Student: 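Sending over a structure as structure tokens; questions will come in a sec.
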Amino acid sequence: MYYIGIDVGGTNLVAGLVDELGHIFNKVNTPVSKDMTAEQFAGELVRMAKRLCEVGEVDPSQIKSVGIGLPGVVDNKSGLFVQNPNMPFRDRDVPLREMFRKEWEIPVFLGNDANCAAVGEYWAGAAKGCDPAMLITLGTGIGGGLILDGKLFTGFANAGMEVGHMIIQPNGILCGCGSRGCWERYGSATALIQLTRLEMERERNSELWTLVDGDSYKVQGRTPFQAARLGDAAAKRVLNNYLQGLSIGMINLVNMLQPEIICLGGGVSNAEDDLLLNPLRELVWNGSFDKNHRVRIEKASLGNDAGVVGAALLCNLV
């Protein structure tokens, strides 16, 4: 039997044909139309899933289920795409499972995209064999997913593990959610870029300016790591401040949940271990209540495929 996983992004849809071990055999993708309605969105998902069967030369009867990873709040029990801040349509409580099954009568499972990535890492990636297993994604914001006792944890109303909005600094920086001091304002890739620009304004002779050709708007998440590798003092200060903010949230998660492993995903996680993972591990371990059982902190291993694999195998963990 095979599974189909669809990873929904704000600009692209990626679907993969996956086996029970998490191996991807074929993938197809298509851009998200800027004026796409909810009905058109559902129809495109069905077309992609059926196209996968054609490309992979697999009879649709061999597909056990379709899983869809979505950038927002979902309710898998009722089959609803509850809230979607990043899609062209703004409809709430879209009956996505019902809309999909009108065109293809097959089991359909819905999951938040970060949760799906956690499932992928747990089933076939860096967290395989670990429980509890957690994935933290460092991107525009901070996303999270948790596998607990072999099941995906979503909370009683499906908004559990919104870890990016854990308050780590009372009355801190204003977040897009309306609160102040959220973790993602201190530990995301966006936060790293903002820290870098602030330090550049304080230190006009920094190597950071050279790397971006004198234009601070060209700063990317990797920029301070590149400058720190060159020995730039300003870049090292940026990374020290960033790691402090990132570690506070992770320490809180470790002390609350004591996962066996935390996998880090997102572009920031690709930095060299001596500049990111090694100092982060020390900060987290030093701040953890239980000093005798160190949580493993590793890079997520599936990369951009984690969401596809996790969506495909979502049926096994919900």
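Note that the structure is a prediction, hence the values are computed from the model and not measured.
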Student: Hey, is the main chain of Asp131 close enough, under 3.5 Å, to the side chain of Glu260 for a donor-acceptor pair?
Tutor: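 Yes; judged by distance alone, with no hydrogens or angles, the pair exists.
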Student: Which residue pairs pass the ring pair (Phe, Tyr, Trp, His ring centres under 6.0 Å) test when at least one of the two sits in residues 59-87, sequence neighbours left out?
Tutor: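 As it turns out, there is no ring pair (Phe, Tyr, Trp, His ring centres under 6.0 Å) pair with a partner in residues 59-87 once direct neighbours are skipped.
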Student: Would you sort out whether Glu54 and Arg51 count as a salt bridge (Lys or Arg N to Asp or Glu O under 4.0 Å), showing the intermediate values?
Tutor: CA-CA 5 Å; Glu54 297 173 1; Arg51 191 157 76 246; over 6 Å; no
Student: Is Val219 isolated, or which residues cluster with it under the ILVMFWY side-chain rule of less than 4.5 Å, directly or via members?
Tutor: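 Val219 clusters with Ile193, Met200, Leu208, Trp209, Val212.
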Student: Return the set of residues passing salt bridge (charged side-chain N to carboxylate O under 4.0 Å, His left out) with Asp232 (not counting sequence neighbours), or none when no residue passes.
Tutor: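 Partners of Asp232 under the salt bridge (charged side-chain N to carboxylate O under 4.0 Å, His left out) test: none.
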Student: If you look only at pairs with a residue in residues 24-78, which of them pass as a ring pair (Phe, Tyr, Trp, His ring centres under 6.0 Å), with sequence neighbours excluded?
Tutor: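 Only Tyr2-Phe25, Phe41-Phe89 qualify under ring pair (Phe, Tyr, Trp, His ring centres under 6.0 Å).
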Student: Can you tell me how far the CG atom of Asn304 sits from the CG atom of Asn12, to the nearest 0.5 Å?
Tutor: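 One gets 10.5 Å once the value is rounded to the nearest 0.5 Å.
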Student: One pair to check against side chain to side chain contact (heavy atoms under 4.5 Å, CB included): Ile63 and Leu52. What are the steps and the verdict?
Tutor: CA-CA 11 Å; Ile63 305 300; Leu52 261 180; over 6 Å; no
Student: Indicate yes or no: does Glu201 engage Arg204 in a salt bridge with an N to O separation below 4.0 Å.
Tutor: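 Counted as a salt bridge, because a side-chain N and a carboxylate O are separated by less than 4.0 Å.
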Student: Strictly distance-based, threshold 3.5 Å: is any side-chain N or O of Asn158 a donor or acceptor partner for the main-chain N or O of Asp75?
Tutor: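 Not confirmed, Asn158 side chain does not pair with Asp75 backbone.
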Student: Just to verify, what does Asp213 make a salt bridge (charged side-chain N to carboxylate O under 4.0 Å, His left out) with, not counting sequence neighbours?
Tutor: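 Salt bridge (charged side-chain N to carboxylate O under 4.0 Å, His left out) list for Asp213, sorted by chain: Lys218.
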Student: With sequence neighbours excluded, tell me which residues meet side chain to side chain contact (heavy atoms under 4.5 Å, CB included) with Met256.
Tutor: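 Listed in chain order: Met166, Asn252, Leu253.
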Student: Verify, without hydrogens or angle tests, whether Arg101 (side chain) and Val108 (backbone) share a donor-acceptor contact under 3.5 angstrom.
Tutor: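 Absent.
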Student: When rounded to the nearest 0.5 angstrom, what is the spacing between CG in Leu264 and CG in Leu246?
Tutor: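 Separation between the atoms: 6.5 Å.
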Student: Quick one: does Thr137's side chain have a donor or acceptor within less than 3.5 Å of a partner on Gly143's backbone?
Tutor: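 Yes, the answer is positive, given that a donor and an acceptor are paired below the 3.5 Å cut-off.
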Student: For Glu44, which residues count as a salt bridge (charged side-chain N to carboxylate O under 4.0 Å, His left out) partner, sequence neighbours excluded?
Tutor: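 Listed in chain order: Arg47.
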Student: Checking the side chain of Tyr242 only, and the main-chain atoms of Gly187 only, is there a donor and an acceptor separated by less than 3.5 Å?
Tutor: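 Flag set: sc Tyr242 to bb Gly187 pair under 3.5 Å.
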Student: If you look only at pairs with a residue in residues 305-318, which of them pass as a side-chain hydrogen bond (donor to acceptor under 3.5 Å, both in side chains), with sequence neighbours excluded?
Tutor: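 Passing the test, one end in residues 305-318: Lys27-Asp305.
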Student: Does Arg294 have any salt bridge (charged side-chain N to carboxylate O under 4.0 Å, His left out) partners at least two apart in sequence or in another chain, and if so, which?
Tutor: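 Here no residue qualifies.
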Student: Would Val32 and Thr11 count as a side chain to side chain contact (heavy atoms under 4.5 Å, CB included) here? Give the steps.
Tutor: CA-CA 5 Å; Val32 175; Thr11 57; 5.7 Å; no
Student: Looking at Asp19, I'd like to know if its CG atom is crowded, meaning that more than 12 non-hydrogen atoms belonging to other residues, nucleotides or ligands lie closer than 6.0 Å.
Tutor: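 Yes, enclosed.
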Student: Is a donor from one side chain sitting under 3.5 angstrom from an acceptor on the other, for Arg237 and Asn240?
Tutor: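 Their side chains do not contain a donor-acceptor pair, so the 3.5 Å distance test is not met.
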Student: Show every side-chain hydrogen bond (donor to acceptor under 3.5 Å, both in side chains) that has at least one partner inside residues 167-190, sequence neighbours left out.
Tutor: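 Found none.
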Student: Report the C-alpha distance between Asp290 and Ser288 in whole Å, list the side-chain angles of each, state the deciding distance to 0.1 Å, and finish with yes or no for side-chain hydrogen bond (donor to acceptor under 3.5 Å, both in side chains).
Tutor: CA-CA 6 Å; Asp290 186 347; Ser288 297; over 6 Å; no
Student: Within a 6.0 Å radius of atom NZ on Lys34, are there more than 12 heavy atoms belonging to other residues, nucleotides or ligands?
Tutor: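 Atom NZ in Lys34 is not packed in, count stays at 12 or less.
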Student: Got a sec, which hydrophobics cluster with Leu174, joining ILVMFWY side chains under 4.5 Å apart, including via others?
Tutor: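 Noted: Leu174 shares its cluster with no other residue.
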Student: For Ile142 and Cys182, run side chain to side chain contact (heavy atoms under 4.5 Å, CB included): C-alpha distance rounded to whole Å, both residues' side-chain angles, the deciding distance at 0.1 Å, then the answer.
Tutor: CA-CA 10 Å; Ile142 294 181; Cys182 290; over 6 Å; no
Student: Near Lys299 NZ, under 6.0 Å, is it more than 12 heavy atoms from other residues, nucleotides or ligands?
Tutor: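 Yes, because the 6.0 Å sphere around NZ of Lys299 holds more than 12 heavy atoms from other groups.
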Student: Can I get a per-line list of side-chain donor-acceptor pairs under 3.5 Å for residues 111-118, giving both atom names and the distance, sequence neighbours left out?
Tutor:
residue	atom	partner	partner atom	Å
Asn112	OD1	Ala114	N	2.9
Asn112	OD1	Asn115	N	3.2
Asn112	ND2	Gly72	O	2.9

Student: Do Asp274 and Arg229 sit within salt-bridge range, that is, some charged N less than 4.0 Å from a carboxylate O?
Tutor: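 Between Arg229 and Asp274 there is a salt bridge, with a charged N closer than 4.0 Å to a carboxylate O.
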Student: Taking 4.0 angstrom as the limit, do Arg222 and Glu272 come out as a salt bridge?
Tutor: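 Salt bridge between Arg222 and Glu272, a charged N being under 4.0 Å from a carboxylate O: no.
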Student: Would you say the side-chain atoms of Glu121 pair up with the backbone N or O of Leu302, donor to acceptor, closer than 3.5 Å?
Tutor: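 Checked: pair present.
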